[in-house]
Colleague: 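Next up is a structure, given as C-alpha cells.
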Amino acid sequence: MKINTPRKRGVVLCSIGRADRWSAAPLVGCAVGRLYPPIPHTPTAHRLMAALHTDGHPAGMPSPRLHYGRHSCIGIVYALTTITHARVPHFHQPDLAGPVMQVLHAMEDEHRVCNLAWVVMPDHVHWLMQLRQGALGTCMQRFKSRSSLLINRQLGRSGPVWQPGYYDHALRKDEDLRRQATYILANPVRAGLAEAIGEYPFSWCRWPTEDHPPG
C-alpha cells in the first residue's frame with residue numbers, strides 16, 4: 001500500500017492495488033460538500049447501487065474469513081451493510097433503532113469515523129462513512145458489540161443481534177458521495193416505509209435531503 005499526494009490542495013489518494021480510493025483531508029473535519037461535484041454513474045457505482053437496493057441487498061453477510069488479509073486505509077470512504085441475526089426486524093421499534101443510532105453518533109464523537117449518511121432499516125443497516133482511526137474490521141466490531149449490548153439490555157436478554165461479517169465497498173475517486181448518500185437514504189422509500197427522503201425517522205445525512213428524488 002502506498003500513499004500518493006497529488007497537487008490538488010487538501011486531497012490525499014490512497015492506492016490499494018490498482019484502485020485509487022477517496023481520501024480527502026477536509027473529510028477529517030467533515031467538510032465534504034465542495035469536494036465532490038456530480039459525476040456520471042460508473043460501473044462500480046451501479047454495482048454498489050444494486051447491492052444496496054432494499055430488494056436486492058445481500059441475503060447474508062460474507063463469512064468473517066473473507067475479511068482475513070483485507071486491507072483498510074485511514075481516510076477511505078466506505079459503504080457498509082450489516083444485517084441482523086436471522087433477519088429479525090428489531091428496528092421496527094424506535095426503542096431498538098435508537099441504540100443503533102446512538103452508537104453511530106458515538107463512533108464519530110470518538111473520532112473513529114466521519115459519518116456521511118446512514119439508514120437503520122428494520123433488519124439491516126446501511127452506513128456511508130470515512131474511516132478516521134484503526135482498521136475497518138475493528139470499527140465494525142466495535143459498532144456491533146456496542147449496539148448489541150444496548151439492544152440486548154433493552155430486550156432483557158442475551159444472544160447475537162447481528163449476522164457475522166458485513167458487506168463493504170471502498171468508494172473510488174470517481175464516485176459521487178452525495179449520490180451514494182441519497183441512494184442509501186432512499187431505501188425506506190423503496191421499501192414503502194416513507195413517502196419521501198428525509199421522512200424516515202431512523203436515517204441521517206450530512207447533506208440536506210430536500211428535493212432529492214428517491215434515486
Colleague: Look at the side chain of Asn187 and the backbone N and O of Val119, then say whether any donor-acceptor pair between them is shorter than 3.5 Å.
Modeller: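 No, Asn187 side chain to Val119 backbone: no donor-acceptor pair under 3.5 Å.
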
Colleague: Does any part of the side chain of Cys73, heavy atoms only, come nearer than 4.5 Å to the side chain of Leu131, both counted from C-beta?
Modeller: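 Answer no - side chains too far apart.
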
Colleague: Looking at Leu149, is its backbone amide N or carbonyl O close enough to the side chain of Asn152 to form a donor-acceptor pair, meaning the two atoms are under 3.5 Å apart?
Modeller: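 No: the side chain of Asn152 does not pair with the backbone of Leu149.
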
Colleague: Under 4.5 Å between any side-chain heavy atoms of Met107 and Arg142, yes or no?
Modeller: yes

Colleague: May I ask you to decide if the ring planes of Trp127 and Phe143 are parallel, tilted or perpendicular, using 30° and 60° as cut-offs?
Modeller: tilted

Colleague: Drop me the distance from Ile151's CD1 to Arg157's CZ, to the nearest 0.5 angstrom.
Modeller: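 The distance works out to 8.5 Å.
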
Colleague: With side chain to side chain contact (heavy atoms under 4.5 Å, CB included) as the test, would you mind laying out the steps for Ile76 and Gln130 before giving the verdict?
Modeller: CA-CA 6 Å; Ile76 297 300; Gln130 184 196 40; over 6 Å; no

Colleague: For Tyr183 and Leu185: C-alpha separation, side-chain torsions, deciding distance, then whether side chain to side chain contact (heavy atoms under 4.5 Å, CB included) applies.
Modeller: CA-CA 5 Å; Tyr183 195 86; Leu185 293 176; over 6 Å; no

Colleague: Could you see if Leu155 belongs to whatever hydrophobic cluster contains Leu150? Use Ile, Leu, Val, Met, Phe, Trp, Tyr and a side-chain cutoff under 4.5 Å.
Modeller: yes

Colleague: With ring pair (Phe, Tyr, Trp, His ring centres under 6.0 Å) as the criterion, how do Trp162 and Phe91 come out once you've worked through the C-alpha distance, each side chain's angles and the decisive distance to 0.1 Å?
Modeller: CA-CA 12 Å; Trp162 303 101; Phe91 310 130; 5.6 Å; yes

Colleague: Do the side chains of Pro89 and His92 get nearer than 4.5 Å, heavy atoms only?
Modeller: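 When only atoms from C-beta onward are counted, Pro89 and His92 do touch, with a gap below 4.5 Å.
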
Colleague: Taking the side chain as every heavy atom from C-beta outward, state whether Val88 and Asp123 have any pair of such atoms under 4.5 Å apart.
Modeller: no

Colleague: Shortest non-hydrogen contact from Ser148 to Val161?
Modeller: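 Reported closest heavy-atom pair: OG-CB, 3.5 Å.
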
Colleague: Inspect the contact between Glu195 and Arg190 and indicate whether a charged nitrogen and a carboxylate oxygen are less than 4.0 angstrom apart.
Modeller: no

Colleague: Can you check side chain to side chain contact (heavy atoms under 4.5 Å, CB included) on Ser147 and Gln102, steps first, answer last?
Modeller: CA-CA 8 Å; Ser147 57; Gln102 177 184 337; over 6 Å; no

Colleague: Lys144 side chain to Gly165 main-chain N or O, any donor-acceptor pair under 3.5 Å?
Modeller: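 Here the side-chain-to-backbone pair exists.
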
Colleague: Do other residues, nucleotides or ligands put more than 12 heavy atoms under 6.0 Å from Gln154 CD?
Modeller: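 More than 12 within 6.0 Å, yes.
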
Colleague: Output, in order, the C-alpha distance, side-chain angles, deciding distance and verdict of side chain to side chain donor-acceptor pair (under 3.5 Å) for Glu110 and His105.
Modeller: CA-CA 9 Å; Glu110 297 168 0; His105 283 302; over 6 Å; no

Colleague: Can you find a pair of side-chain heavy atoms, one from Val113 and one from Tyr78, that are under 4.5 Å apart?
Modeller: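 A side-chain contact is absent here, since even the closest heavy-atom pair is not under 4.5 Å.
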
Colleague: What is the distance from atom CZ of Phe202 to atom CG of Leu96, rounded to the nearest 0.5 Å?
Modeller: 9.5 Å

Colleague: Would you give the length of the straight line joining atom OG1 of Thr81 to atom OH of Tyr167, rounded to the nearest 0.5 angstrom?
Modeller: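 Spacing of OG1 (Thr81) from OH (Tyr167) equals 7.0 Å.
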
Colleague: Let me confirm one number: the OG-CE distance from Ser203 to Met121, rounded to the nearest 0.5 Å.
Modeller: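 Separation between the atoms: 10.0 Å.
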
Colleague: Testing the basics here: between Ile74 and Gly134, what is the closest heavy-atom pair and its distance to 0.1 Å?
Modeller: CD1-O, 3.3 Å

Colleague: Could you tell me if His169 and Gln180 have a donor-acceptor pair between their side chains, going purely by distance under 3.5 Å?
Modeller: no

Colleague: Ion pair present between Arg206 and Glu108, side-chain N to carboxylate O less than 4.0 angstrom?
Modeller: yes

Colleague: State, to 0.1 Å, how close Arg146 and Ala106 come at their nearest heavy-atom pair, and which atoms those are.
Modeller: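 Closest approach of Arg146 to Ala106: NH1-CB, 4.2 Å.
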
Colleague: Taking atom CZ of Arg153 and atom OG of Ser158, what is their separation to the nearest 0.5 Å?
Modeller: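 Reported value, rounded in 0.5 Å steps: 13.0 Å.
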
Colleague: Output yes when a side-chain donor or acceptor of Ser145 lies under 3.5 Å from a complementary backbone atom of Gln141, and no otherwise.
Modeller: yes

Colleague: Any non-hydrogen side-chain atom of Cys114 less than 4.5 Å from a side-chain atom of Leu116?
Modeller: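 Yes, at least one pair of side-chain atoms sits under 4.5 Å.
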
Colleague: Going through the distances and angles, do His124 and His126 end up as a ring pair (Phe, Tyr, Trp, His ring centres under 6.0 Å)?
Modeller: CA-CA 7 Å; His124 63 282; His126 296 303; 4.7 Å; yes

Colleague: Take Thr84 and Val125, measure what side chain to side chain contact (heavy atoms under 4.5 Å, CB included) needs, and give me the verdict at the end.
Modeller: CA-CA 9 Å; Thr84 59; Val125 171; over 6 Å; no

Colleague: Nearest 0.5 Å, please: how far is CD in Gln133 from NE2 in His111?
Modeller: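 Nearest 0.5 Å value for the NE2-CD distance: 8.5 Å.
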
Colleague: Can you confirm whether Leu193 sits close enough to Pro122 that some side-chain heavy atom of one is under 4.5 Å from a side-chain heavy atom of the other?
Modeller: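 A side-chain contact under 4.5 Å exists here.
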
Colleague: How close do Leu171 and Ala79 get, heavy atom to heavy atom, and via which atoms?
Modeller: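 Nearest heavy atoms, Leu171 then Ala79: CD1-N, 3.8 Å.
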
Colleague: Do the side chains of Pro208 and Arg178 get nearer than 4.5 Å, heavy atoms only?
Modeller: yes

Colleague: Which heavy atom of Cys205 sits nearest a heavy atom of Ala181, and at what distance?
Modeller: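 So the two residues come closest at SG-CB, 4.0 Å.
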
